[in-house]
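The chains referred to below are lettered A, B, ... by the order of the sequence lines, with proteins before strands, and numbering in each begins at 1.
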Number of protein chains: 2
Amino acid sequence: MTSSRATLIQVAERAGVSLSSTSRALHGGGASAAMVERVRAAAAELGYSPDAIGRSLRMKKTFQVAFAVADIGNPVYVEMMAAIHQVLAPHGYRVVVMSTGDTTTSTTELVRSLSGGFVDGMILVPLRTDDALIQALREQEVPVVVVGRPLGEHGLDSVSTDSTDGIARAVNHLRELGRRRIGFLNGPLDTTPGQARQRGFDAAHQGGAVEVAEDFTVAAGVVAARRLLAAGETQGRPLDAVVAANDLLAIAVIRAARERGLTVPGDLAVTGMDDTEFGRVFQPSLTSVSLGSAERGRAAAGIMLSLAEGHHERTRQIEVGPELVVRESTDPTALPDDIEPLSLDSP
Amino acid sequence: MTSSRATLIQVAERAGVSLSSTSRALHGGGASAAMVERVRAAAAELGYSPDAIGRSLRMKKTFQVAFAVADIGNPVYVEMMAAIHQVLAPHGYRVVVMSTGDTTTSTTELVRSLSGGFVDGMILVPLRTDDALIQALREQEVPVVVVGRPLGEHGLDSVSTDSTDGIARAVNHLRELGRRRIGFLNGPLDTTPGQARQRGFDAAHQGGAVEVAEDFTVAAGVVAARRLLAAGETQGRPLDAVVAANDLLAIAVIRAARERGLTVPGDLAVTGMDDTEFGRVFQPSLTSVSLGSAERGRAAAGIMLSLAEGHHERTRQIEVGPELVVRESTDPTALPDDIEPLSLDSP
DNA sequence: AGGGGTTCTGGAAACGTTTCCGGGAAACCT
DNA sequence: AGGTTTCCCGGAAACGTTTCCAGAACCCCT
């Protein structure tokens, strides 16, 4: 009975009709009502369900899309993945998660592995890009949408955001609040986001105090934040605001501020970036520049979808604008009302 | 050149040998050194990479494992998925993420869809279970590992944890600290975790004040936490500790406590559950009962792996013990030193 | 009534791979 | 030197599906 799955051939035999007619009857091609009825009945009796592999082999289509990222645990990527899944699933596509690894060579390797044909396309978020990677992407025959840097000039579909501009928005927001001695806590400068954000701060607030954390983490951030705050103070010009390159770094700044007895946002206003769940839940809730992770995910998925359906148009390059979300860490009157429902935890 | 991917047949032609020899030469079967050399060269020239679909069809093996969960955005599940991926990827398995939906019927439907054969097995985290679901799981021919309730009695492989005992540990910890008026903030009682945790508190601390939040979220938690704290106070016996069913609810309690001017952990000690990144990063960092999400993920992946390799032994039922992690929210001397490196965010 | 068109059906090929099987050559042993 | 084992290779089948092609039946119209 449930010994081994029923195949289409068995359904055909059971219904007493040919294999081709059976396929048509089930798949909707030209078939008489009587035929459809017979085949349906036979299929139901045998508990038939079509084999995805057989179908894929014939149709050259897997109905799978890869989502590749350096670290699947990162909240920003998680949000993106959820959005991608939400777009793709209703269209019958499955999402395969993959890891790019840390280096550009391992990423390149991953891209090359797409030739295996286990997937109809891939949404890639590379930490860094180099020529070899771009080259590999170009000569790939399975479509890839790159999230990160705009790569239209290389003929690649891409979805990006302008974090440089995002930092500028944070600075302007603090200026409007009357803050003048604004510091900047950045992450490593050899990363794409680190570089972009540094440019943003340099352009928006020349001569401000700057510190660089060894990593985009709270732990590394606290160390650097202490230096940043101390430096301003010893110069007799204590900072009254800090722009952090990241929500986690912003949290680090707040921790360091508390150590020094500073109130947030009273003595020190702090902004983060990425608008993560962390920031929303933290106390004080974080003013943060949203880079639209979910929206970028949706955009990438949308492109992927049309690519997977075979609509190879001109290369598409979408940019979603950053958006400032004001909360308690800069505005004491802000209400913590936008805490998202973060659903159940595991049984 | 890059027109269409080279097939094994083309490699065979190029090398001037038969198809079967080509396969053997590449896959390691009995083949002479000379043969291997010729085929390798031909394959390299043509840039051949084997087609995963063709291979799957023949070998009846997809090298894919599904991970199904109600909400992919949930940090607990994310941690689990990361662990699963980490175990499976080195063995050549890909991870497909799927959504169970909210209801047990949609979950059952998902399980049935496994008959499609697009995956070698599935790791399932059902929100709730009912007879139909268990029935569907039993008559599935593709192996499923259930994370949640122990289901060994039904002949199903499962990985579980004892959150009832976990709550008891939190209560005992607070007792040891000298706290006596301990309240409990739970989530919805019609969920598996809600029920288990309620049992845990009832058993460990009879007669304690209890409130139920409408959801396992900070927003819902704050509302319920206010009631909980107010109730104790009006009775002239203000609480000196609260056990929360969740890290998010614990954060809610801390918020509510601050509103009332209470210090944490001075006036009120608070414990959470799940040991999430949120709790580690929050200030004060959260004492929390770890339910070993990562470890459960690893265990489930391990079982899955042996199942996928065909080792169908007796049904396996693993239980990972809860573990209390003490941090600032109950112990003011605890150092926030265990903040995990949470890596980069997106460019 | 016969020709042209439409509708439905069955046979067969194709997708790309692995593996069973048989044959031939070489090596080994007595 | 003859028989037996070992080793290596090519032919062919199989996995489960979709789709092309051709033929049969039927209807409609003149």
Check your understanding: Partners of A/R14 by side-chain hydrogen bond (donor to acceptor under 3.5 Å, both in side chains), sequence neighbours excluded?
Key -> A/E45
Exercise for review: Using side-chain contact (heavy atoms from CB on, under 4.5 Å) as the criterion, list what pairs up with A/S106, not counting sequence neighbours.
Suggested key: A/T103
Review point. How many Å lie between CD1 on B/I9 and C1' on D/dG10, as a whole number?
Key: 14 Å
Review point. With sequence neighbours left out, what residues match B/Q86 under side-chain contact (heavy atoms from CB on, under 4.5 Å)?
Key: none
Check your understanding: Whole Å only: how far is the NZ atom of B/K61 from the P atom of C/dT17?
Key -> 19 Å
Review point. Of all residues at least two apart in sequence or in a different chain, which pass the side-chain hydrogen bond (donor to acceptor under 3.5 Å, both in side chains) check with A/Q135?
Key: A/E139
Point to revise | Set of residues satisfying side-chain contact (heavy atoms from CB on, under 4.5 Å) with respect to A/A12, sequence neighbours excluded | key: A/T22
Point to revise | Earlier contact from the 5' end, DNA chain D, for B/V17 and A/S49 | key: B/V17
Revision key, fill the gap. A/E13 CD to D/dG16 C1', in whole Å, measures 13 Å
Practice item. Compare all side-chain heavy atoms of B/P126 with those of B/L133 and state whether any distance is below 4.5 angstrom. Key: yes
Check your understanding: Given atom CD of A/Q10 and atom P of D/dC15, what is their separation to the nearest angstrom?
Key -> 10 Å
Review point. Within the structure, does a side-chain N or O atom of B/T7 lie under 4.0 Å from either OP1 or OP2 of C/dT17?
Key: yes
Between side-chain atoms of residues 301-311 of chain A and protein atoms elsewhere (two or more places apart, or another chain), which donor-acceptor pairs fall under 3.5 Å?
unit_1	atom_1	unit_2	atom_2	d
A/S306	OG	A/I303	O	3.1
A/S306	OG	A/R316	NH2	2.6
A/E309	OE2	A/Y93	OH	3.3

Practice item. Looking only at side-chain atoms of A/R55, point me to the closest of D/dG11, D/dT17, D/dC15. Key: D/dT17
Practice item. For B/K61, enumerate each residue passing the salt bridge (charged side-chain N to carboxylate O under 4.0 Å, His left out) test, keeping only those at least two apart in sequence or located in another chain. Key: B/D120
Review point. Do any side-chain nitrogens or oxygens of B/K60 fall under 4.0 Å of OP1 or OP2 in D/dG16?
Key: yes
**Study point:** Nearest-angstrom distance from the residue atom CG of A/D51 to P of D/dA14
**Key:** 17 Å
Exercise for review: Return the residues of residues 31-41 of chain A meeting this criterion: a heavy atom under 4.0 Å from some atom of DNA chain C. Order them by number, or give none.
Suggested key: A/A31, A/S32, A/M35
Check your understanding: How many Å lie between CG on A/L57 and C1' on D/dA14, as a whole number?
Key -> 12 Å
Exercise for review: Take the protein atom CG of B/L8 and the nucleotide atom C1' of D/dG10, then report the distance between them rounded to whole Å.
Suggested key: 14 Å
Point to revise | Polar side chain donor-acceptor pair, B/R149 to B/T129, under 3.5 angstrom | key: yes
**Study point:** Spacing of B/F118 atom CZ relative to D/dT17 atom C1', expressed in whole Å
**Key:** 17 Å
Could you run down the sub-3.5 Å N/O contacts of the protein with nucleotides 19-21 of chain D?
unit_1	atom_1	unit_2	atom_2	d
D/dT19	O4'	A/R58	NH2	3.1

